[in-house]
Amino acid sequence: MAIIKNNNSVSHSKDANTTGKVITCKAAVAWGPAQPLVVEEILVDPPQKMEVRIKILFTSICQTDLGVWLGKNEAQNVYPRIFGHEASGIVESVGEGVEDMKAGDHVVPIFNGECDDCVFCKSKTSNLCKKFRVDPLKSVMVNDGKTRFWTKQGEPIYHFLNTSTFSEYTVVDSANVVKIDPNAPLKTMTLLSCGVSTGLGAAWNTANVQEGSTVAVFGLGAVGLAVVEGARSRGASRIVGIDINSDKLSRGISMGVTDIINPLELHKPVHEEISEILEGGVDFSFECAGNLNVLREAFLSTHEGWGLTVLLGIHSAPKTLPIHPMELFCGRRIIGSVFGDFKGKTQLPQFAKQCMHGAVKLDEFITHELPFSEINQAFQLLIDGKSLRCILHL
């Protein structure tokens with residue numbers, strides 16, 4: 001059922017056909033750093049070659065959206081812009097050449113695409129893509145270097161992270177769209193666009209946590225708790241959760257954390273505490289806070305000889321790793337993980353089916369739900385540390 005919007009009303013009609021037409025719809029537009037998003041009517045062009053236009057049904061906010069909205073990295077400050085990269089919806093129409101999906105398909109947009117043709121996509125050891133990988137500086141479409149969003153006055157509105165999901169309709173390169181089982185609940189599938197896939201995949205794919213492994217998770221937001229879920233489901237024997245927010249520590253316990261540490265209550269570095277309680281350190285640590293001091297503690301909390309630190313936090317400041325090269329000779333390693341090392345289009349459909357069958361407790365990540373019109377309140381919930389994921393209903 002197509003949805004057509006004009007300046008005055010919303011009409012629903014089974015006969016309505018928006019294919020090939022410009023759609024007027026509502027979007028939350030950012031006009032400047034830290035300015036409240038403005039929910040206003042915009043124009044959305046039809047998809048061009050190898051593009052897909054999606055009717056977004058659910059979207060949510062993560063720390064990446066918050067960081068770029070606050071303008072932490074000046075190089076990313078392009079306005080007006082439509083943020084958002086965690087969502088689910090239904091294909092409204094497809095452009096020329098798109099053969100793996102059609103109008104009506106249930107889909108999840110992904111910020112880290114897969115073209116299946118470049119040297120990266122053909123590699124068995126990388127989930128990056130030459131043209132459609134995550135790129136916060138990219139703000140236009142690949143085809144023509146232009147936007148598909150416009151103000152009603154005809155001025156361009158820029159894209160974000162290949163997805164721009166804070167809009168009732170969005171246009172995305174087909175490489176950044178994943179078709180999922182039509183029986184999958186779209187509300188919870190939203191979480192696979194970013195947070196859950198990133199965290200759980202880091203435990204499953206990047207670190208390959210095994211039964212009996214010991215794990216430390218620094219930062220118990222949605223991504224950190226997804227790491228916890230991944231480690232729990234793999235049978236980790238000890239999962240240490242580290243956070244300065246007592247509510248997040250409590251939530252961590254309910255989701256599988258076996259030991260909690262609040263750095264504000266310690267009189268010694270966190271890595272020393274972990275080394276004492278786990279006889280030399282953990283097998284795997286995950287830095288999910290985007291803080292260099294935390295990253296160093298995560299690195300030192302792993303066991304000499306084999307410890308691995310997985311970097312997941314977004315570090316906007318142009319600073320280098322707080323590690324001396326000689327420290328790597330102690331056998332500790334460090335690696336970054338993008339989108340949990342999932343190849344989006346190849347592996348996410350199967351991951352979605354696993355979630356449908358209860359392999360992952362997705363519902364526990366949704367702490368709030370609000371109408372799309374209250375998106376600024378959803379941002380505030382995240383700023384205040386009160387929400388993991390606030391699902392916005394469009």
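Just so you know, these numbers use all the heavy atoms, side chains as well, and skip hydrogens, waters and symmetry mates.
Residues V171 and V52 are not in side-chain contact: their nearest non-hydrogen atoms beyond the backbone lie 4.5 Å or more apart. The shortest distance between side-chain heavy atoms of T367 and K386 does not fall below 4.5 Å. A heavy-atom distance below 4.5 Å is found between the side chains of K55 and E168. Contact of the D243 side chain with the I260 side chain is not registered, since no non-hydrogen atoms from C-beta on lie closer than 4.5 Å. The closest side-chain heavy-atom distance from F218 to S301 is below 4.5 Å. When side chains are defined from C-beta on, W204 counts as touching S233, because their heavy atoms get closer than 4.5 Å. Contact annotation: the side chain of L362 approaches that of M189 to within less than 4.5 Å [non-hydrogen atoms, C-beta and beyond]. Inter-residue side-chain proximity for L161 and V134 is flagged as met; some heavy-atom pair is nearer than 4.5 Å.
At distances below 3.5 Å, at least one donor-acceptor pair connects side-chain atoms of N245 with backbone N or O atoms of D247. In terms of modelled atom types and a separation under 3.5 Å, the side chain of S167 and the main chain of A27 share no donor-acceptor contact. Proximity of a side-chain donor or acceptor of S123 to a complementary backbone N or O of V119 within less than 3.5 Å is not detected. Of the possible donor and acceptor atoms, none in the side chain of T147 sits under 3.5 Å from a partner among the backbone N and O of Y158. Side-chain N or O atoms of T346 include none that pairs as donor or acceptor with a backbone N or O of K343 at under 3.5 Å. Judged purely by atom type and a 3.5 angstrom limit, S275 has no side-chain atom pairing as donor or acceptor with the backbone of E272. Side-chain atoms of N205 come within 3.5 Å of backbone atoms of G340 as a donor-acceptor pair (strictly under, hydrogens ignored). When atom types are taken as modelled, the side chain of D135 and the backbone of L137 share a donor-acceptor pair closer than 3.5 angstrom. A side-chain donor-acceptor contact under 3.5 Å links E229 to the backbone of K361. Between the side chain of D341 and the backbone N or O of S126, no donor-acceptor pair lies under 3.5 Å.
Remark: D105 pairs with K102, K179 by the salt bridge (charged side-chain N to carboxylate O under 4.0 Å, His left out) rule, at least two apart or across chains. Not a single salt bridge (charged side-chain N to carboxylate O under 4.0 Å, His left out) links E287 to another residue, sequence neighbours left out. With sequence neighbours excluded, the residues satisfying salt bridge (charged side-chain N to carboxylate O under 4.0 Å, His left out) with D144 are R148. Partners of D117 under the salt bridge (charged side-chain N to carboxylate O under 4.0 Å, His left out) rule, at least two apart in sequence or in another chain, do not exist in this structure. With sequence neighbours excluded, the residues that form a side-chain contact (heavy atoms from CB on, under 4.5 Å) with P349 are V178.
Remark: L66 CG to L382 CG distance equals 5.0 Å, nearest 0.5 Å. Taking CD1 of I261 as the reference point, atom CG of L249 lies at 9.5 Å (rounded to 0.5 Å). In this structure, CE on M255 lies 10.5 Å from CD1 on I239, to the nearest 0.5 angstrom. The distance from the OG1 atom of T206 to the CG atom of L200 is 10.5 Å, given to the nearest 0.5 Å. Here the straight-line distance linking atom CG of L392 with atom OG1 of T190 works out to 9.5 Å at 0.5 Å rounding. Going from atom OG of S387 over to atom CD of Q377 covers 10.5 Å, rounded to the nearest 0.5 Å.
For an aromatic pair to be called close, the ring centres must be under 6.0 Å apart, and H393 with F372 fails this. If you look at F83 and F160, their ring centroids are closer than 6.0 Å. Ring centroids of F111 and F339 are separated by less than 6.0 Å, placing the two rings close together.
Look at R389 and E86 and you find a salt bridge, because one of the NZ, NE, NH1 or NH2 atoms lies within 4.0 Å of a carboxylate O, short of that distance. At a threshold of 4.0 Å, the pair D259-R238 counts as salt-bridged, since one of the basic side-chain nitrogens sits closer than that to a carboxylate oxygen. In summary, E364 and R251 do not engage in a salt bridge, as defined by a charged side-chain N under 4.0 Å from a carboxylate O. A salt bridge is absent between E211 and R234: the closest approach of a Lys/Arg side-chain nitrogen to an acidic carboxylate oxygen does not fall below 4.0 angstrom. A salt bridge links E92 to R53: one of the charged nitrogens lies within less than 4.0 Å of a carboxylate oxygen. Taking 4.0 Å as the cut-off between side-chain N and carboxylate O, K26 and E40 do not count as a salt-bridged pair.
The cluster map of Ile, Leu, Val, Met, Phe, Trp and Tyr, joined by side-chain heavy atoms under 4.5 Å apart, puts V142 and I54 in different clusters. Both I61 and L70 are members of a single hydrophobic cluster when ILVMFWY side chains are connected at heavy-atom separations under 4.5 Å. Put simply, L300 and V294 are part of two different groups of oily side chains (I, L, V, M, F, W, Y) that touch within less than 4.5 Å, one to the next. Note on L308 and V282: separate hydrophobic clusters, where clusters join Ile, Leu, Val, Met, Phe, Trp and Tyr whose side-chain heavy atoms are under 4.5 Å apart, directly or indirectly. Taken together through direct or relayed side-chain contacts under 4.5 Å among Ile, Leu, Val, Met, Phe, Trp and Tyr, V310 and L278 form parts of separate hydrophobic clusters.
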I would like to know whether L321 and L295 meet side-chain contact (heavy atoms from CB on, under 4.5 Å); could you show each step before the answer?
-> CA-CA 8 Å; L321 287 173; L295 176 58; 3.5 Å; yes

For V177 and M101, what are the C-alpha separation, side-chain angles and deciding distance, and is it a side-chain contact (heavy atoms from CB on, under 4.5 Å)?
-> CA-CA 9 Å; V177 186; M101 66 194 83; 3.6 Å; yes

Criterion side-chain contact (heavy atoms from CB on, under 4.5 Å) on I242 and I274, from CA distance to verdict | CA-CA 10 Å; I242 303 97; I274 291 177; 4.1 Å; yes

What do the steps show when you test H159 against M141 for side-chain contact (heavy atoms from CB on, under 4.5 Å), and what is the final call?
-> CA-CA 8 Å; H159 296 252; M141 300 299 289; 3.6 Å; yes

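The 12-atom threshold is exceeded at CD1 of I90, counting heavy atoms of other residues, nucleotides or ligands nearer than 6.0 Å. Applying the 6.0 Å contact sphere to NZ of K187 captures no more than 12 heavy atoms from other residues, nucleotides or ligands.
Side chains of S93 and T19: a donor-acceptor N/O pair is absent below 3.5 angstrom, by distance only. Of the N and O atoms on the side chains of N376 and E374, not one donor lies less than 3.5 Å from an acceptor on the other residue. No side-chain N or O of T165 forms a donor-acceptor pair with one of T163 less than 3.5 Å apart. Using modelled atom types and a 3.5 Å distance limit, the side chains of S285 and T302 yield no donor-acceptor pair. One side chain, H85 or D65, offers a donor N or O that lies under 3.5 Å from an acceptor on the other. No donor-acceptor contact under 3.5 angstrom links the side chains of K49 and N143, judged on distance only.
Taking both residues in full, the closest heavy atoms of N291 and H315 are given as N-CE1, 3.2 Å, listed atom of the first, atom of the second, then distance.
No option in F379, F166, Y79 other than F379 meets the ring-ring contact (aromatic ring centres under 6.0 Å, His included) test with W69.
W150 belongs to a hydrophobic cluster whose remaining members, ordered by chain and number, are V22, L43; membership requires side-chain heavy atoms of ILVMFWY residues under 4.5 Å apart, directly or through intermediates.
Note on ring orientation: taking the six-membered ring where Trp is involved, the planes of F342 and F351 are parallel (angle under 30°, cut-offs 30° and 60°).
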